[in-house]
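Take a look at the structure set out below.
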Amino acid sequence: MNFTNDKAIYIQMADRLCDEILAGTYKDDDRIPSVREYAVMLQVNTNTAVKAYDQLARDGIIYNKRGLGYFVTAGAKKEIKKARKQEFMKQRLPELFRQMQLLDITMEDIQKVWQQQ
């Protein structure tokens, strides 16, 4: 995984696991890789992976079954979408609108591009 400098690595790891849940790689109550497995997979320190898993557990995205590992919480996909939608609306959309206004891009222009996708 290529990490960026705009967020802490453990947050980027948590985001990646959320992306995998959204993509259907892991479904409700599926076991996810252990902390060590995920750390090795992403070539990071185990402590960093622990922080990512702790954050996801606090957010209610995953849960721990003692001795068995971590699992995806039922409804996690819906919660991830809800949180990301709120973030998009509050953080990214205002900047997008600002850029559209500066560049004279209309909603019709956007619709044309959207339909070509």
Side-chain angles (χ1 to χ4, degrees):
M1 179 171 173
N2 293 326
F3 296 103
T4 62
N5 292 327
D6 62 336
K7 289 183 186 177
I9 291 175
Y10 80 94
I11 293 174
Q12 293 177 65
M13 290 178 67
D15 286 346
R16 178 186 165 136
L17 197 48
C18 287
D19 289 347
E20 291 170 344
I21 292 168
L22 289 174
T25 305
Y26 305 111
K27 296 176 180 25
D28 290 354
D29 296 312
D30 278 356
R31 185 182 177 281
I32 61 172
S34 72
V35 170
R36 283 194 182 101
E37 291 168 339
Y38 212 56
V40 168
M41 188 184 320
L42 300 182
Q43 299 177 341
V44 299
N45 185 295
T46 303
N47 292 330
T48 304
V50 167
K51 285 179 75 172
Y53 276 49
D54 286 347
Q55 181 64 50
L56 291 169
R58 277 192 304 274
D59 292 344
I61 303 301
I62 62 173
Y63 63 95
N64 188 10
K65 285 186 181 178
R66 189 174 287 291
L68 297 176
Y70 283 93
F71 295 80
V72 177
T73 302
K77 186 174 183 175
K78 183 179 176 182
E79 289 303 312
I80 294 166
K81 281 185 179 183
K82 180 181 170 185
R84 288 197 174 175
K85 186 175 183 176
Q86 287 177 343
E87 177 194 351
F88 181 82
M89 296 296 200
K90 290 181 180 177
Q91 302 291 325
R92 297 182 187 190
L93 206 51
E95 176 59 20
L96 178 65
F97 287 152
R98 188 179 80 76
Q99 289 294 323
M100 286 174 63
Q101 189 174 27
L102 289 172
L103 300 172
D104 293 325
I105 298 172
T106 66
M107 290 305 287
E108 290 78 24
D109 295 334
I110 299 295
Q111 278 185 313
K112 286 177 189 172
V113 174
W114 178 262
Q115 289 171 351
Q116 292 171 357
Q117 295 295 322

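Predicted model only: the values in this text are computed from it and were never measured.
Pairing each heavy atom of R84 with each of C18, the nearest pair is NH2-CB, 3.4 Å. Across all their heavy atoms, D29 and F71 have their closest contact at O-CD2, 3.4 Å. Of all heavy-atom pairs spanning K27 and V72, the tightest one is O-CB, 3.3 Å. Pairing each heavy atom of K81 with each of L22, the nearest pair is CG-CD2, 3.5 Å. Residues S34 and Y53 share a closest heavy-atom pair of O-OH, 3.6 Å. Scanning both residues, K7 and D15, for their nearest heavy atoms gives NZ-OD2, 2.8 Å.
There is no side-chain donor-acceptor pair under 3.5 Å between Q101 and R98. For the residue pair Q111 / Q115, no side-chain donor-acceptor distance below 3.5 Å is found, with atom types taken as modelled.
The CD atom of Q12 sits 8.0 Å away from atom CG of N5, with the distance rounded to the nearest 0.5 Å. A distance of 10.0 Å separates OH of Y10 from CG of D54, quoted to the nearest 0.5 Å. In this structure, CE in M13 is found 5.0 Å from CG in L42, a value given to the nearest 0.5 Å. Of the inter-residue distances, the one linking I11 atom CD1 with Q55 atom CD reads 6.5 Å to the nearest 0.5 angstrom. Between the CZ atom in F97 and the CE atom in M107 there is a gap of 6.0 Å [rounded to 0.5 Å]. Distance NZ/K112 to CD1/I110: 11.0 Å, rounded to 0.5 Å.
Cluster annotation: V40 and I32 are assigned to distinct hydrophobic clusters (Ile/Leu/Val/Met/Phe/Trp/Tyr, side-chain heavy-atom contacts under 4.5 Å, transitive).
Remark: of the listed residues L102, L103, L96, D104, L96 is the sole one forming a side-chain contact (heavy atoms from CB on, under 4.5 Å) with M100. Checked options L17, T73, I80; the residue passing with I61 is I80 (criterion: side-chain contact (heavy atoms from CB on, under 4.5 Å)).
Residues L56 and Y70 form no side-chain contact, since every pair of their non-hydrogen atoms from C-beta on lies 4.5 Å or further apart.
Residue R31 places its CZ atom among more than 12 non-hydrogen atoms of other residues, nucleotides or ligands, all under 6.0 Å distant. For Q99, the CD atom is densely surrounded, since the number of other residues' heavy atoms within 6.0 Å is greater than 12.
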Could you go step by step and tell me if I62 and Y26 meet the side chain to side chain contact (heavy atoms under 4.5 Å, CB included) rule?
CA-CA 11 Å; I62 62 173; Y26 305 111; over 6 Å; no
Should M41 and Y38 be marked as a side chain to side chain contact (heavy atoms under 4.5 Å, CB included) after you check the CA-CA gap, both sets of side-chain angles, and the distance that decides it?
CA-CA 5 Å; M41 188 184 320; Y38 212 56; 3.9 Å; yes
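Using a cutoff of 4.0 Å between basic side-chain nitrogens and carboxylate oxygens, E20 and R16 are scored as salt-bridged.
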